[in-house]
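All values below were derived from every heavy atom in this structure, side-chain atoms included, with hydrogens, water molecules and symmetry-related copies excluded. Indexing begins at 1, ligand by ligand and atom by atom, following the structure's order. What you see is a predicted model; the values in this text were computed from it and never measured.
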Amino acid sequence: MQLRFLHHKSNEFIWKMQLQPDGGAVLSHWFSPLPAAAAVRKVSVTSKGRTVGRVVVFVSPNRTVARLLTKGPHGGDQLLGLAVGRRIVGTEETQRIESGLLLPNGNPSDIRVDGQDYRAVARDLGSTSRIKLIVLETGSSIDSTANTARWRVMGLSFALILALLAMAYTMSPSIARTRVSREERERSERVLAHVGDGVFLVDRDGVIRLWNPAAEAITGLRSDALCNQAAAETIPGWTEIAARVPVASRPGDADDASSAETVPLDIGGREVWLSIVGVTLGDGIVYAFRDVTRERRLEELRSQFVATISHELRTPLASLHGAALTLLDRESDLSGQTRRDLLDMISVQSKRLADLVEEILLTGQLDSGSLRVVTEPFDAEELVWSAAAAARLRADDDTTIDVSIPAVLPKVAGDPGRTRQVLTNLVDNAIKYSPEGGRIELAVGADGGYTRFTVRDEGLGIPLGEQKRIFEKFYRLDPDHRRGIGGSGLGLYICRELVRSMNGRIWVESDPGKGAAFTFELPIAERVTVSA
Ligand code: ADP
């Protein structure tokens with residue numbers, strides 16, 4: 001309605017209300033000036049605190065009354081009309097009251113109109129109105145004996161008509177108001193349907209009264225299953241959550257992001273983290289929430305990373321420090337073999353530190369997109385043989401490293417250095433996560449337009465639910481190093497990003513406790529034709 005006023009030339013909308021025989025009312029637009037003897041209600045419409053127009057509803061009393069009762073409540077010689085000041089307004093004509101006074105509140109009085117004596121009963125139409133509804137009966141037809149009783153009965157019927165008119169009259173602004181508020185409500189509903197934040201309303205009795213589409217999308221809980229249900233019974237863990245969520249008394253107070261509470265919601269085994277605030281409303285609390293699951297996970301990973309890196313740094317640093325001190329303090333007392341062992345330890349641990357720094361740097365480059373990857377044809381067989389040979393040097397006696405290569409293999413299109421890095425990483429993991437040793441196989445083969453590299457071990461394996469997540473940055477199955485196997489959680493992330501940058505893909509298949517098989521595939525550079 002506000003918009004209609006803002007965009008419309010007129011600042012007044014007039015509606016005419018016609019009472020129906022069934023007691024209902026019909027509204028229609030009225031474009032002419034208001035009739036003189038109308039019962040009128042006006043409602044101002046405001047927008048941003050400014051009055052932009054008025055909605056006017058009127059009841060045309062003489063016609064309405066004429067339709068309701070043409071002959072008065074009891075028929076016979078009674079007449080029904082309206083008195084405006086000292087004029088009697090009928091459906092046909094207007095007459096002056098020549099003598100006598102109309103008494104208020106339905107008290108009968110005697111008046112003379114157009115040379116005729118009448119007994120009249122009048123009622124005010126509204127407190128500010130000069131209009132009165134009147135019933136007249138000619139003086140001659142008044143039976144003196146039944147007089148008092150008849151007028152009392154007539155007063156009652158009269159009160160009934162008046163109640164009806166008064167109802168219509170008082171209803172008119174509420175019809176206008178309902179229209180305005182319905183449009184406002186529809187607009188609010190549209191806004192609520194399109195905001196990205198979940199919004200819901202819990203009334204004083206703890207019953208959910210509104211659950212917007214964003215709330216459905218974030219939680220997966222449907223509005224029709226929740227609305228008009230107790231929040232404690234439908235929102236998992238609501239009682240504990242409600243106790244933690246800050247509730248502001250004004251919307252502005254809740255704007256402060258620091259006042260929002262981050263709470264977990266367990267929806268059928270899926271954990272959703274919500275940042276949620278509440279604002280009191282007259283008859284309940286409106287809650288607004290945002291999905292912060294991703295941010296929360298990143299935050300968890302970040303703190304996990306700090307813990308992992310600190311651990312990864314501490315171990316080699318302690319070894320380096322110890323070996324260097326021993327060599328410094330007691331070099332002359334040490335045998336040649338011990339000196340070589342210590343130097344060997346320094347070499348291994350400083351390599352470990354250098355590798356860690358390299359991993360962190362590489363991750364930064366991959367994240368920023370600044371890593372250069374070349375694409376050239378290279379020989380997969382050669383790469384696999386040399387990777388296996390290098391791994392044998394690092395593996396202990398319990399581990400065997402086998403290679404499986406078909407007779408004919410096409411060249412791969414990719415970066416040979418980066419492919420070697422991926423393969424080395426996977427073989428190192430296979431050794432690392434096979435504490436009991438076992439067989440590790442490096443296999444390569446062509447499949448469609450791709451060359452597949454597989455590293456298969458008989459080690460710890462990976463639970464099904466974790467097989468995707470291990471490729472995430474910083475993700476480790478054993479973040480606290482309980483198994484005593486170190487690592488930054490960056491290796492597989494780097495592998496995945498490198499393979500992707502060479503237009504390939506990587507995945508794992510595993511039987512927990514029986515081993516894992518990591519496979520990555522890269523596009524082939526050329527087709528080979530096998531001659532007989
Ligand atoms: P890390 O530096 O911890 O080895 P990675 O990104 O290389 O990091 O591996 C992520 C996690 O995946 C490891 O912490 C480990 O739990 C698991 N993982 C990787 N390779 C294997 C494997 N061959 N067998 C079992 N688990 C593995």
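Judged as a salt bridge (charged side-chain N to carboxylate O under 4.0 Å, His left out), and not counting sequence neighbours, the contacts of R439 are D402, E441. Applying the side chain to side chain donor-acceptor pair (under 3.5 Å) rule to S335 yields the partners T338; only residues at least two apart in sequence or on another chain are considered.
Listed by number with element, the atoms of ligand 1 under 4.0 Å from a non-hydrogen atom of G489 are 1 (P), 2 (O), 3 (O), 6 (O), 8 (O). Those atoms of ligand 1 with a heavy atom of L477 less than 4.0 angstrom away are 14 (O), 16 (O). Residue G487 has at least one heavy-atom neighbour below 4.0 Å for each of these atoms of ligand 1: 1 (P), 2 (O), 3 (O). Of all atoms in ligand 1, numbered sequentially from 1 with element shown, those under 4.0 Å from a heavy atom of K432 are 1 (P), 2 (O), 4 (O). Contact atoms of ligand 1 toward R476: 1 (P), 3 (O), 14 (O) (distance under 4.0 Å to a heavy atom of the residue). Interface of Y475 with ligand 1, defined as ligand atoms under 4.0 Å from a residue heavy atom, comprises 10 (C), 11 (C).
D341 and Q337 share a donor-acceptor pair across their side chains, judged by distance under 3.5 Å alone. For the residue pair T399 / D396, a side-chain donor-acceptor distance below 3.5 Å is found, with atom types taken as modelled. Side-chain contact check for D428 and Y433: no donor-acceptor pair (N or O, by modelled atom type) lies under 3.5 Å.
In this structure, the protein non-hydrogen atom closest to atom 12 (O) of ligand 1 is I470 CG2, 3.4 Å. Of the protein's heavy atoms, Y433 CB, 3.4 Å lies nearest to atom 24 (N) of ligand 1. Protein heavy atom nearest atom 7 (O) of ligand 1, with residue, atom name and distance: N429 ND2, 2.9 Å.
Among G491, S488, G486, A516, the residue whose heavy atom sits closest to atom 2 (O) of ligand 1 is S488.
The distance criterion of under 3.5 Å between nitrogen or oxygen atoms is not met by Y493 with respect to ligand 1. The N/O atoms of L492, backbone and side chain alike, include one that comes under 3.5 Å of an N/O atom in ligand 1. Close N/O approach between D457 and ligand 1 is found [any backbone or side-chain N/O within under 3.5 Å]. Not a single N or O atom of I462, backbone or side chain, sits closer than 3.5 Å to an N or O atom of ligand 1. Residue N425 has no nitrogen or oxygen atom sitting less than 3.5 Å from a nitrogen or oxygen atom of ligand 1, judged on distance alone. Every N/O-N/O distance between F518 and ligand 1 stays at or above 3.5 Å.
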Checking side chain to side chain donor-acceptor pair (under 3.5 Å) for the pair S488/E359: CA distance, chi angles, key distance, verdict? CA-CA 8 Å; S488 63; E359 274 187 338; 2.7 Å; yes
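Among the candidates L426, T454, V455, the single residue satisfying the side chain to side chain contact (heavy atoms under 4.5 Å, CB included) test with F520 is L426.
A parallel orientation is assigned to the rings of F200 and Y287, their planes being inclined by less than 30° (bins at 30° and 60°). Ring geometry, F471 versus F518: the interplanar angle exceeds 60°, so the pair is classed perpendicular (tilted spans 30 to 60°).
Within 6.0 Å of atom CZ in R452, more than 12 heavy atoms from other residues, nucleotides or ligands are found, so the atom counts as buried in its surroundings.
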